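In what follows, every chain begins at residue 1, and chains take the letters A, B, ... in the order their sequences are listed. Predicted model only: the values in this text are computed from it and were never measured.
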Number of protein chains: 2
Amino acid sequence: MVEATRREPSRRERLRAEATEQIMEIALRQMAVDGPGALSLRGIAREMGMTPRAIYSYFPTRDDLVTELIRTFGHGLADALERARDEAPASDPERRLLAWGEALRAWALAHPQGFQLVYGDPLPGYQPPPGEGPVDEAALRICGGLNRLVAACASRPAPTEPDDDWSDFPPAYRARVRAEAPDLTPAVAARALRIWARLHGLVTLEIHGHLRPVYDDPAALYRAEMLDLVRDLGRAAPDA
Amino acid sequence: MVEATRREPSRRERLRAEATEQIMEIALRQMAVDGPGALSLRGIAREMGMTPRAIYSYFPTRDDLVTELIRTFGHGLADALERARDEAPASDPERRLLAWGEALRAWALAHPQGFQLVYGDPLPGYQPPPGEGPVDEAALRICGGLNRLVAACASRPAPTEPDDDWSDFPPAYRARVRAEAPDLTPAVAARALRIWARLHGLVTLEIHGHLRPVYDDPAALYRAEMLDLVRDLGRAAPDA
DNA sequence: TACAGAAGTATACGGCGTGTCATTTTTCTT
DNA sequence: AAGAAAAATGACACGCCGTATACTTCTGTA
C-alpha cells in the first residue's frame, strides 16, 4: 500500500487541502489587519473555531507556515508578472516591460502583506529553513523574466555600467541566467537589476506610506519613471 | 521653583541622561541582534541589570521608547546626509548630490535597524502618537535637502514629468517647500522624489539581502546608478 | 543634619505565544 | 460491521510581555 498509485483525491485529502488553504487565508488577513508580526497559530485557530493544537497537524511549526506563505506569495508575484507581460505582444517589448512594471506595483498594492513578506523585513523570530530559502526560486523567476525583457528593449547601452563581464555575478545566478538566456550580456543583467531597483524603490516607498505625505498621485509618478526608463533603454529617440 | 532657570546639569540629571542614552543604545543592539520585533523593556532592563519597573521612570511606555528611537534615527539620518552634502563644495552640485547618495547607502548599511525603523514595516503592535508621526519632521528635512540638491543639478528637464504645477502635492508639503525654497518648480520636486526612490530601491534591496544573491558588488551597482542619475539631470553632456 | 522627592526593588497580575502529552472523536478501508 | 488510521481535543508546561502597587534606598538641598 505504500506505492503511490495516482488516484482521485479522497474526501479526507480534499478537506485537508481546503483547511490548509483556509489557514493560509486567515494568516494573510491577520497579517493585513494587525501587522505581519501579529501572525500566530493560536490566532488562526481561534478564528477558524479550532483548537490551537489542531493547526499543528497542518503546519508542524509556525515557521513552516511562514515559509509556505512566503513561497506562495513569491510565486504568486512571479505568476502575475509573467501573465501581465504575456498579455502584450512579443513584438512590442517596450509595452511588455511597461505592463510588467505596472503589474509589479499593482500586485504590491493588492497584497501589501505578501510584498512585505517577500521583500520586507523578516518576521520577528522567523528562521528560514536551511538550504534554499523560501523566496529564492521565485526571485530567480522574477529576475530572469526581467532580464529577458530588458534585453529585448535595450538597443542602447547604459551610459554607466560597472563592468562588462560576469565576474561580479555569483556563480549560481550566472549559471542559471546562462542556462535560460545564453546570449544575455552581463551589462544587460546589471542594468536589469538597476531597473528592478528603480521600480522597487517607488513601490516600497508607497506601500510604507512615505510617498503619500509628499505626493498625491503615486501612480503618475510611477508611470513617469517607467516611461523614462524605457526611453533610456534605447529604441526610442534618446532626446526628445 | 517652577521657573526654568538655565543652570548646570546636576549630577542627577546627568545620570538620568546617561541612563536614557544607555537604554536607547541597548534597545538598538537588541534590535540589531534579534530583529526589530525583539525589542522589549524587560529585555533592556535585564541587560542593564535593572528591574523592569525602573525603565518606566525613563519611558512611560514601550511605544514612547519606540517613538523616541524613530525620531532619533530619522534625525540621525538627516544629519548624516546634510553633513556629507556639506563636505563637498557648494560650487559643485553634482559632487554634493553624489556625496548625499553615498551617505544614504552608508548610513543604511551602518544602521540597518534604524533604516528599518524609519522606512520599513512598523513594529508589531506599535501605535504612533497622535498628531505628527515620529518620522515626519526628519522626512521633511530629508526631502527638502534633496529638493535643493536636485534643483542645483537639474539643468535639463526630465523627459517625462507627470505635471508641472503644484496640484499633485499635498498642501502641507507644498507650503513647506515653498517656504524654504520659493523658486523650486514642481517638476523638480517630483523629480527629486523619483531620484530618492531610485536610491531607496537599491538600498532596501541590499539591506534585505535581495541583491547579494544576484550581484556581488552592490556598491558598484549603486555608484553606477548615481552616475547615470546625475548625468540625466543635465549639466554633463547628454549622450556619449 | 534632616527631610522631600526621585530612582530603584520586590512582587504580582493577566495576557499572550509555542509546543507537547494522553485521549477521544471522526473517517476510511476491508 | 469492525478495526486501523487520521484529525481534533482538553489540559498543561514554560516562557515571554507590559504594566501596576507598595516599599526601600539613595541624593540633592535647605
Look at the side-chain N and O atoms of Y58(A) and state whether any lies under 4.0 Å from the OP1 or OP2 oxygen of dA8(D).
yes
Can you tell me if the side-chain N/O atoms of S57(A) get under 4.0 Å from OP1 or OP2 in dA7(D)?
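So the side-chain polar atoms of S57(A) never come under 4.0 Å of the phosphate oxygens OP1 or OP2 of dA7(D).
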Determine whether the aromatic ring centres of residues H208(A) and Y119(B) are separated by less than 6.0 angstrom.
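Between H208(A) and Y119(B), which both carry aromatic rings, the centre distance is not below 6.0 Å.
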Which is more 5' along DNA chain C, the nucleotide nearest R42(B) or the one nearest R16(B)? Just name the residue.
R16(B)
Using whole Å, what does the distance between atom [atom2] of nucleotide [N] and atom [atom1] of [X] come to?
X: D64(A); N: dG19(C); atom1: CG; atom2: C1'; answer: 13 Å
X: E13(A); N: dA7(D); atom1: CD; atom2: P; answer: 10 Å
X: R46(A); N: dG15(C); atom1: CZ; atom2: C1'; answer: 10 Å
X: Y126(A); N: dG17(C); atom1: OH; atom2: P; answer: 20 Å
X: M48(B); N: dG8(C); atom1: CE; atom2: P; answer: 8 Å
X: E47(B); N: dC16(D); atom1: CD; atom2: P; answer: 14 Å
X: D34(B); N: dC16(D); atom1: CG; atom2: P; answer: 12 Å
X: Q30(A); N: dC16(C); atom1: CD; atom2: C1'; answer: 13 Å

Under 4.0 Å, counting only non-hydrogen atoms across every strand here, what does F59(B) touch: a base, just sugar-phosphate, or nothing?
nothing
If you look at every strand shown and take non-hydrogen atoms under 4.0 Å, does R53(B) touch a base, only sugar-phosphate, or nothing?
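Here R53(B) touches the bases of the nucleic acid.
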Backbone N/O of G101(A) and side chain of Y222(A): donor-acceptor pair under 3.5 Å:
yes
Scan side-chain atoms only and decide if Y126(A) and T67(A) contain a donor-acceptor pair under the 3.5 Å cut-off.
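Yes, because at least one side-chain N or O of Y126(A) sits under 3.5 Å from a partner of the opposite role on T67(A).
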Counting only side-chain heavy atoms from C-beta out, which of [options] sits nearest to [X]?
X: T61(B); options: dG18(D), dT19(D), dA7(C); result: dT19(D)
X: T51(B); options: dT19(D), dA10(C), dT9(D); result: dA10(C)
X: Y56(B); options: dT20(C), dA8(D), dT19(D); result: dT19(D)

Inter-residue atom distance L98(A).CG - M226(A).CE, 0.5 Å rounding
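Those atoms lie 5.0 Å apart.
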In this structure, which one of D79(A), L81(A), L146(A), D136(A) forms a side-chain contact (heavy atoms from CB on, under 4.5 Å) with R141(A)?
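Exactly one option meets the side-chain contact (heavy atoms from CB on, under 4.5 Å) with R141(A), and it is D79(A).
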